[in-house]
Amino acid sequence: GLTPKSGWPRAWREHDLESSYDAVIIGGGVHGLATAYYLARDHGMRKVAVLDKAYIGSGGSGRNTAILRSNYLTPEGVRFYDRSVKLYEHLAADLNYNVMFSQRGHLTLAHNDSSLRTMHWRTEVNKLQGVDSSVIGPDEIKKLVPYLDTSADTRYPILGALYHPPGGIVRHDAVVWGYARGADAHGVHIHQQTEVTGIDVSHGRVTGVQTNRGPISTPVVLNATAGWATLISDMAGVSMPVQTFPLQAAVTEPVRPFLDTVVVSGTLHVYVSQTDRGELVFGASVDPFASYSMRGSLEFTEGIAGHVLELMPALHRMKLLRQWAGLCDMTPDYSPIMGPTPVEGFYVDVGWGTYGFKAGPVSGEAMAATLASGKPPEIISAFGLDRFTDGRLVGEKGAAAVGH
Ligand code: PYC
């Protein structure tokens, strides 16, 4: 039988807060932890602190529906997310931590001609970037997901789907814990329960941060928060074109495995996948009003249940186990904001809307390179804050999960 084992090493250690660090990363989600990991591993910067006002993975990294994919609409977006999928493919080996990435395929259903047109558009952009996507018809969809109602006389008939075989799901907590353990092993200090209350700026450059545990002096600060992106950036005097909305999700009781692809319907504002435990995970688009609330609502539950049943009527007896919400920082073009800001030494990795978790590895890799050299690498050059003043938006609305 199982006997408790004593003397296991802690996956990451606790440290006293030092009075200075070479870099301070605000936000202990997958983005902040991955940045710290790659900074220490690839750039030799080890005097790095990751601060989280709660516990690591308590924000968007622990609240998302763990879907990975790279079937975006813009070439910049496809290249970026494809790098993330590739990093995820090797993450378990890199971190020596089982992140349970299951590349089970991802279907985005089209219920009308304009959606189908967008799916064709995405397919062509994906293929040009070397990403595996194609448009398939109802018969092929039915073979992949026998429980889907593909008959022509439903209220929202399925005309076709964007099929993306490399997409899938991952165990999101494992990704957070794996990066935390890896960063710790490279000397990074992870400080939980450490809230940033101010950012010190002198003569246009960052000099430190104030926290509930005391001040830290540092020449480099990264805002890697979600939900608090604007509040943290405001502390440095940098305003962000971001509005924060809750996004709700839910899981059912576990049932035997029957759904081995991810199914998304933009028209019905719903996505569904089945975990290795057998639970169905459902998510919707963001709530229709800006808010910092993370409470669930009956309206969401009713809406999602109705929409799931439009797709898979056979699920009508399943019970929901629980629901929750996370905060999504939406930008005007549905792409993130990554890179330097007008305040020297103050960097951002924010504006992750409903698509941040899947970008954790590539963001960590790219932000680590940015923090180490002061210059964003090519893969994130399109996502700079200055695009909003220069009018170079990267419009991803047509591929950003479900309709917003
Ligand atoms: O972008 O794939 C996505 C997604 C799934 C859930 C929320 N966003």
Side-chain angles (χ1 to χ4, degrees), residues 29-31 59-74 76-78 80-85 88 101-110 115 118-119 122 125-126 131 133 161-172 175 226-227 244-251 259 261-275 279-287 294 300 303-304 307-308 311 323-331 333-336 351-363 383 394-404:
V30 62
H31 284 244
S61 295
R63 294 163 184 275
N64 64 89
T65 45
I67 296 172
L68 306 184
R69 64 186 175 95
S70 58
N71 57 357
Y72 278 74
L73 182 61
T74 64
E76 297 87 344
V78 177
F80 176 73
Y81 288 97
D82 183 43
R83 175 70 188 154
S84 218
V85 168
Y88 268 119
F101 182 17
S102 159
Q103 289 187 286
R104 52 184 57 196
H106 182 285
L107 281 172
T108 314
L109 306 176
S115 301
T118 306
M119 300 313 156
R122 283 167 66 180
V125 177
N126 289 189
V131 166
S133 287
L162 175 63
Y163 180 42
H164 177 51
I169 53 173
V170 71
R171 181 80 181 91
H172 54 8
V175 176
T244 303
F245 294 78
L247 184 151
Q248 299 189 51
V251 291
L259 179 63
T261 51
V262 180
V263 177
V264 180
S265 165
T267 306
L268 292 173
H269 304 288
V270 67
Y271 33 93
V272 190
S273 66
Q274 187 171 25
T275 68
E279 299 157 339
L280 293 189
V281 182
F282 301 140
S285 55
V286 294
D287 283 354
M294 282 189 266
F300 158 81
I304 202 122
H307 288 156
V308 168
L311 296 175
Q323 70 186 98
W324 66 93
L327 298 180
C328 299
D329 288 334
M330 308 303 300
T331 61
D333 60 358
Y334 294 74
S335 288
W352 283 104
T354 62
Y355 25 82
F357 185 77
K358 60 180 62 54
V362 66
S363 304
F383 302 136
V394 187
E396 275 295 2
K397 188 170 181 182
V402 295
H404 294 285

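Both ligands and their constituent atoms are indexed starting at 1 by order of listing.
Contact detail for Asn71 and Ala399: the closest heavy-atom pair is O-CB, 4.2 Å. The minimum heavy-atom distance between Thr354 and Cys328, with the atom names listed, is CG2-SG, 3.8 Å.
Ligand-side atoms of ligand 1 in range of Arg69: 1 (O), 2 (O), 3 (C), range being under 4.0 angstrom from any heavy atom. Of all the atoms in ligand 1, the ones that sit under 4.0 Å from a non-hydrogen atom of Thr354 are 1 (O), 4 (C), 7 (C), 8 (N). Each of the atoms 2 (O), 5 (C) of ligand 1 lies under 4.0 Å from some heavy atom of Ile67. Close approach of ligand 1 to Lys358 is summarised as follows: ligand atoms under 4.0 Å from at least one heavy atom of the residue are 1 (O), 2 (O), 3 (C), 4 (C). Those atoms of ligand 1 with a heavy atom of Thr65 less than 4.0 angstrom away are 6 (C).
In this structure, Arg69 is positioned above the aromatic face of Tyr72, its NZ or CZ under 6.0 Å from the six-membered ring centre and within 45° of the axis.
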Show, in sequence, the C-alpha distance, side-chain angles and deciding distance for Tyr355 and Tyr334, and conclude whether the ring pair (Phe, Tyr, Trp, His ring centres under 6.0 Å) test is met.
CA-CA 9 Å; Tyr355 25 82; Tyr334 294 74; 7.0 Å; no
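No donor-acceptor pair closer than 3.5 Å links the side chain of Asp329 to the backbone N or O of Trp352.
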